[in-house]
**Student:** 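I'd like to ask you about the structure that follows.
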Number of protein chains: 2
Amino acid sequence: MARRSEHSLEEIRTMVLNAAEAIVINEGYSALTVRRIAREIGYTVGSIYMVFNNMADLVMHIKARTLDDIAVQLQQVQDCAPGQCIAELARIYLSYASHNFNQWNMVFVQDAEIPEWYQEKVDHVFSRVEAQFAKLAPQCSAQQSKQAARVLWSGVHGICILSLLGKRDVAGIKDVENDILLLVECFIGGWVGSLLSGKEQ
Amino acid sequence: MARRSEHSLEEIRTMVLNAAEAIVINEGYSALTVRRIAREIGYTVGSIYMVFNNMADLVMHIKARTLDDIAVQLQQVQDCAPGQCIAELARIYLSYASHNFNQWNMVFVQDAEIPEWYQEKVDHVFSRVEAQFAKLAPQCSAQQSKQAARVLWSGVHGICILSLLGKRDVAGIKDVENDILLLVECFIGGWVGSLLSGKEQ
DNA sequence: ACCTGAACACCGTTCAAGT
DNA sequence: ACCTGAACACCGTTCAAGT
């Protein structure tokens with residue numbers, strides 16, 4: 001057939017990305033294949049390699065979209081008392097993960113190598129939490145509040161991972177939310193406490 | 001060829017499992033294929049389906065071995081003050097994960113359905129931590145200490161996941177260990193604190 | 001009864017050939 | 001220049017046929 005210039009390369013790239021994302025949303029990561037995407041956009045497999053290096057490259061760009069989505073969601077949390085703010089950020093994160101499970105879950109399938117622009121997006125998700133830890137204890141170093149943010153957020157993420165792979169019904173999500181709030185409250189309580197009693201180096 | 005009864009089905013099953021585990025250890029989960037296992041044990045693909053239902057079934061049994069390994073490691077931790085004991089359990093868990101990364105990482109690739117016997121093995125890994133939380137606060141309900149154990153351990157796991165996917169050198173592991181100890185200490189501190197101040201329901 | 005190996009319906013990726 | 005589609009080297013799974 002060889003249709004000429006019906007779409008620009010940029011347009012095809014977007015069509016591929018949109019189709020791929022839709023497949024992931026509706027049927028999960030395992031349903032995503034080049035042939036399937038090609039069929040969906042009305043091109044053949046070869047065309048997809050005009051706009052992405054390979055499957056891994058394409059997948060990385062879908063994941064990037066998801067990270068951007070998450071960052072936008074977290075950005076919308078109102079600024080208030082740091083402890084409450086962090087709890088709210090955690091709630092939003094869980095909410096995103098449970099409502100967009102297939103996309104969220106895909107973000108954490110590891111890749112051979114992570115490009116820098118992608119790592120920056122991951123870091124950006126953390127930035128909001130870091131800022132709150134800095135507010136929580138202005139006396140401590142940036143390094144300490146960064147560590148606290150990374151540690152707590154990894155913990156929140158761990159609960160999401162282990163819990164959402166099982167029960168994903170409404171009652172289940174409520175349990176997960178309780179777990180996350182327990183982690184957030186205890187961690188912050190313990191962290192602030194250890195700073196006050198001077199246990200930190 | 002059709003060699004007759006050179007090995008019993010039970011023997012073949014063990015050979016398959018051993019070969020599969022070796023492939024995962026040396027080359028990672030992605031290198032594991034039926035054809036590769038068959039070649040390794042000197043049988044053909046069909047034979048593997050005599051002793052396992054399918055790839056997913058085989059994978060689940062490799063994962064079960066890993067969970068058993070982890071449980072054994074955790075069982076060997078000396079009983080001492082609960083807080084110290086939990087920290088040591090976390091250290092051992094990280095140590096296992098970093099030294100047996102390919103096996104450990106495979107445990108958490110989700111399956112369509114998790115059989116009951118497998119879930120019991122997962123729960124068993126948690127049991128040691130639960131017992132320590134019960135010792136830490138004898139006044140609170142079994143449900144509360146179970147929740148605390150699940151929450152903290154999910155958190156520890158989350159740090160392992162997000163950290164080990166990146167840096168896995170010796171210096172990196174030391175950083176991860178510091179992160180985990182911070183989580184454990186702050187969480188326990190905050191948890192005990194909230195119990196004392198009567199903030200729990 | 002045990003085991004083979006060809007067959008089937010898939011993958012991702014490449015690239016000569018067509019328009 | 002853009003796009004095709006056949007070809008290649010893989011997958012997991014099945015099952016008639018051989019010993």
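Everything quoted here is computed from the prediction, not taken from an experiment. Residue numbers start from 1 in every chain, and the chains themselves are labelled A, B, ... in the order their sequence lines are given, proteins ahead of strands.
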**Student:** Between A:Ser47 and A:Arg35, which has a closest nucleotide on DNA chain C that is more 5'?
**Tutor:** A:Arg35
**Student:** Mapping B:Val45 and A:Tyr49 onto DNA chain C by nearest heavy atom, which one lands closer to the 5' end?
**Tutor:** B:Val45
**Student:** Within the structure shown, what part of the strands sits under 4.0 Å from A:Leu32 by heavy-atom distance: base, sugar-phosphate, or nothing?
**Tutor:** sugar-phosphate
**Student:** Classify A:Thr33 by what it touches in the nucleic acid, base, sugar-phosphate, or nothing, heavy-atom distance under 4.0 Å.
**Tutor:** sugar-phosphate
**Student:** Among side-chain atoms of A:Asp123 and A:Gln119, is any donor-acceptor pair under 3.5 angstrom?
**Tutor:** yes
**Student:** Between C1' on D:dC15 and CE on B:Met50, what's the gap in Å once rounded to a whole number?
**Tutor:** 14 Å
**Student:** Side chain of A:Val34 only, please: which of C:dG12, D:dT14, C:dT4 is the nearest?
**Tutor:** C:dG12
**Student:** Please give, in whole Å, the distance from C:dT14 C1' to A:Met55 CE?
**Tutor:** 16 Å
**Student:** In Watson-Crick or G-U wobble terms, both distances under 3.5 Å, what is the partner of C:dC3?
**Tutor:** none
**Student:** Would you mind reading off the distance between B:Glu6 atom CD and C:dA1 atom P, rounded to a whole angstrom?
**Tutor:** 20 Å
**Student:** For B:Ile12, answer base if it contacts any base atom (sugar-phosphate contacts may also be present), sugar-phosphate if it contacts only those atoms, and nothing otherwise; contact means non-hydrogen atoms under 4.0 Å.
**Tutor:** sugar-phosphate
**Student:** Just the rounded figure in Å: distance from P of C:dC3 to CD of B:Glu11.
**Tutor:** 10 Å
**Student:** Taking C-beta and beyond as the side chain, do A:Tyr96 and A:Leu74 meet within less than 4.5 Å on heavy atoms?
**Tutor:** no
**Student:** State the pairing partner of D:dA9; accept Watson-Crick or G-U wobble contacts with both distances under 3.5 Å, and report none otherwise.
**Tutor:** none
**Student:** In whole Å, what is the span from the NE2 atom of B:His7 to the C1' atom of C:dA1?
**Tutor:** 17 Å
**Student:** Less than 4.5 Å apart, any side-chain heavy atom of B:Lys121 and any of B:Val125?
**Tutor:** no
**Student:** Would you call the rings of B:Phe101 and B:Trp104 parallel, tilted or perpendicular, taking 30° and 60° as the class edges?
**Tutor:** tilted
**Student:** List the atom of B:Ile173, the atom of B:Ser98, and the distance in Å for their closest heavy-atom pair.
**Tutor:** CD1-CB, 3.4 Å
**Student:** Just how far, in rounded Å, is P of D:dG12 from CG of B:Asp57?
**Tutor:** 14 Å
**Student:** If I take atom OH in residue A:Tyr43 and atom C1' in nucleotide D:dT4, what distance separates them, rounded to the nearest angstrom?
**Tutor:** 12 Å
**Student:** Between D:dC3 atom P and A:Arg39 atom CZ, what is the distance in whole Å?
**Tutor:** 20 Å
